[in-house]
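Written below as structure tokens is the structure these notes are about.
Just so you know, ligand 1 is whichever comes first in the structure, and atom 1 is the first atom listed for that ligand.
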Amino acid sequence: MRPAIRPAVVEDLAAVAQLDEVCFGNEAWSLAAWEGEFERLAEDRVILVADEGAVAGYAVLLVPPVVVDVVELLRIAVAPEERRTGIGGQLMTAALARCAGRTVLLEVAAGNESAIGLYGGFGFGQISRRRGYYAGGEDAVIMRWRETV
Ligand SMILES: CC(C)(COP(=O)(O)OP(=O)(O)OC[C@H]1O[C@@H](n2cnc3c(N)ncnc32)[C@H](O)[C@@H]1OP(=O)(O)O)[C@@H](O)C(=O)NCCC(=O)NCCS
């Protein structure tokens, strides 16, 4: 069964923070950082969760209220055992549906083939590169999406 994609509510905080730790290990956001994200839901954050009874994936967007300002996709992840079943795509579809008429930017490690594959499939193009940006020296790639009509 495909999970339902829905906006996160505060009751999802613990499950999302826990899944973030599974997905990102040392690079996971702290519980305090996640609390900050959830506090900003009323301001400029959109957090989507893939809900199949448990949280199987999530996406975090910074959506500034001024529509000419770019949206940033801050994070997207799917539980390791559920990857490659379309959930990342479902989250992206739902995220981009909220970005009509806007520009979306993201930053991704140059070696993250799965994420770059996912973004490329949704029409994100590489616009620049930050050399040696990450700890360990990996480059960051900046990708941009604009709705094509
Ligand atoms: C990136 C990520 C969210 C993709 O989620 P997913 O649920 O596996 O993605 P989907 O099954 O919807 O795949 C959609 C498309 O993405 C691309 N893709 C996904 N995984 C891929 C991989 N391992 N290699 C190449 N392309 C891949 C493919 O184009 C795929 O379409 P296809 O299966 O029809 O070929 C997931 O791999 C993940 O959680 N990674 C760890 C967290 C992370 O690095 N997030 C990004 C930085 S914030």
Side-chain angles (χ1 to χ4, degrees), residues 1-9 12-41 43-64 69-100 102-148:
M1 197 181 73
R2 289 169 81 75
I5 308 299
R6 60 166 176 81
V9 290
D12 295 312
L13 202 165
V16 170
Q18 204 171 15
L19 184 55
D20 196 58
E21 209 165 312
V22 171
C23 292
F24 291 99
N26 286 344
E27 319 263 290
W29 290 349
S30 67
L31 189 57
W34 276 111
E35 283 167 354
E37 295 298 310
F38 274 75
E39 275 165 19
R40 290 176 73 167
L41 283 177
E43 297 161 34
D44 61 0
R45 290 298 196 273
V46 171
I47 305 177
L48 299 172
V49 294
D51 182 348
E52 49 181 27
V55 174
Y58 56 92
V60 182
L61 296 134
L62 191 170
V63 184
D69 292 352
V70 296
V71 174
E72 288 181 60
L73 177 65
L74 300 177
R75 215 145 175 93
I76 182 166
V78 171
E81 66 280 8
E82 308 227 29
R83 287 181 192 159
R84 221 62 206 262
T85 65
I87 297 174
Q90 276 186 269
L91 285 163
M92 285 297 292
T93 300
L96 294 178
R98 291 163 175 263
C99 298
R102 302 189 68 152
T103 296
V104 183
L105 293 180
L106 61 81
E107 188 182 276
V108 58
N112 191 342
E113 286 177 17
S114 49
I116 290 175
L118 174 70
Y119 304 145
F122 277 84
F124 279 81
Q126 299 193 13
I127 57 164
S128 88
R129 199 171 180 100
R130 292 186 176 134
R131 298 204 185 274
Y133 181 74
Y134 294 108
E138 188 170 7
D139 292 355
V141 169
I142 315 296
M143 301 182 82
R144 178 178 62 197
W145 174 92
R146 277 195 192 127
E147 192 177 38
T148 46

* **Of the listed options Pro80, Gly89, Ala79, closest to atom 12 (O) of ligand 1 (non-hydrogen atoms)** => Gly89
* **Contacting atoms of ligand 1, where contact means under 4.0 angstrom from a heavy atom of Gly86** => 10 (P), 11 (O), 12 (O)
* Structure fact -> Output for pair (Phe124 CZ, Leu118 CG), nearest 0.5 Å, gives 8.5 Å
* Within-cut-off N or O pair, Val78 and ligand 1, under 3.5 Å -> yes
* To do: Mind listing the closest non-hydrogen atom pair of Ala59 and Leu73 along with its distance?
  => CB-CD1, 4.5 Å
* Considering residues, nucleotides and ligands other than Glu43, do more than 12 of their heavy atoms fall under 6.0 Å from its CD? -> yes
* Donor-acceptor under 3.5 Å (Glu138 side chain, Gly111 main chain) -> yes
* Asked: Under 4.0 Å from any heavy atom of Phe24, which atoms of ligand 1 are there?
  -> 42 (C), 43 (C), 45 (N), 48 (S)
* Taking all non-hydrogen atoms of both residues, which atom of Arg2 and which atom of Thr85 are closest, and how far apart? -> NH1-O, 4.2 Å
* **Numbered atoms of ligand 1 (with element) below 4.0 Å of Tyr119, judged on heavy atoms** => 46 (C), 47 (C)
* Step by step, work out the side-chain contact (heavy atoms from CB on, under 4.5 Å) result for Asp12 and Arg6. => CA-CA 11 Å; Asp12 295 312; Arg6 60 166 176 81; 2.8 Å; yes
* Structure fact -> To atom 31 (O) of ligand 1, the nearest of Arg75, Glu82, Arg84 on a heavy-atom basis is Arg84
* According to the interplanar angle, ranging from 0 to 90°, do the rings of Tyr58 and Trp34 count as parallel (below 30°), tilted (30 to 60°) or perpendicular (above 60°)? -> perpendicular
* Asked: Nearest to atom 2 (C) of ligand 1, what protein heavy atom do you find, and at what distance?
  -> Leu118 CD2, 4.4 Å
* Just let me know how Cys23 lines up against ligand 1, side chain, backbone, both or neither, with a heavy-atom cut-off below 4.0 Å. => neither
* To which protein heavy atom is atom 44 (O) of ligand 1 closest, and what is the distance rounded to 0.1 Å? -> Asn112 ND2, 2.8 Å
* Nearest to atom 41 (C) of ligand 1, what protein heavy atom do you find, and at what distance? -> Arg83 NH2, 3.5 Å
* Using distance alone, determine whether Gly88 and ligand 1 share an N or O pair under 3.5 Å. => yes
* Can you tell if the side chain of Met92 reaches within under 4.5 Å of the side chain of Trp145, non-hydrogen atoms only? -> no
* Is there a side-chain contact between Ser114 and Arg83 (heavy atoms, below 4.5 Å)? -> no
* Asked: Would a search of protein heavy atoms around atom 8 (O) of ligand 1 find one under 4.0 Å away?
  -> yes
* Hey, are the side chains of Glu107 and Tyr134 touching, using non-hydrogen atoms and a 4.5 Å cut-off? -> yes
* To do: Report yes or no: does a heavy atom of Ile76 sit under 4.0 Å from some atom of ligand 1?
  => yes
* **Nearest option to atom 18 (N) of ligand 1, as decided by whichever heavy atom of Gly120, Ser114, Ala109 sits closest** => Ser114
* Asked: Nearest to atom 29 (O) of ligand 1, what protein heavy atom do you find, and at what distance?
  -> Gly117 O, 3.7 Å
* **Atoms in ligand 1 flagged as close to Thr85, the criterion being non-hydrogen separation under 4.0 Å** => 11 (O)
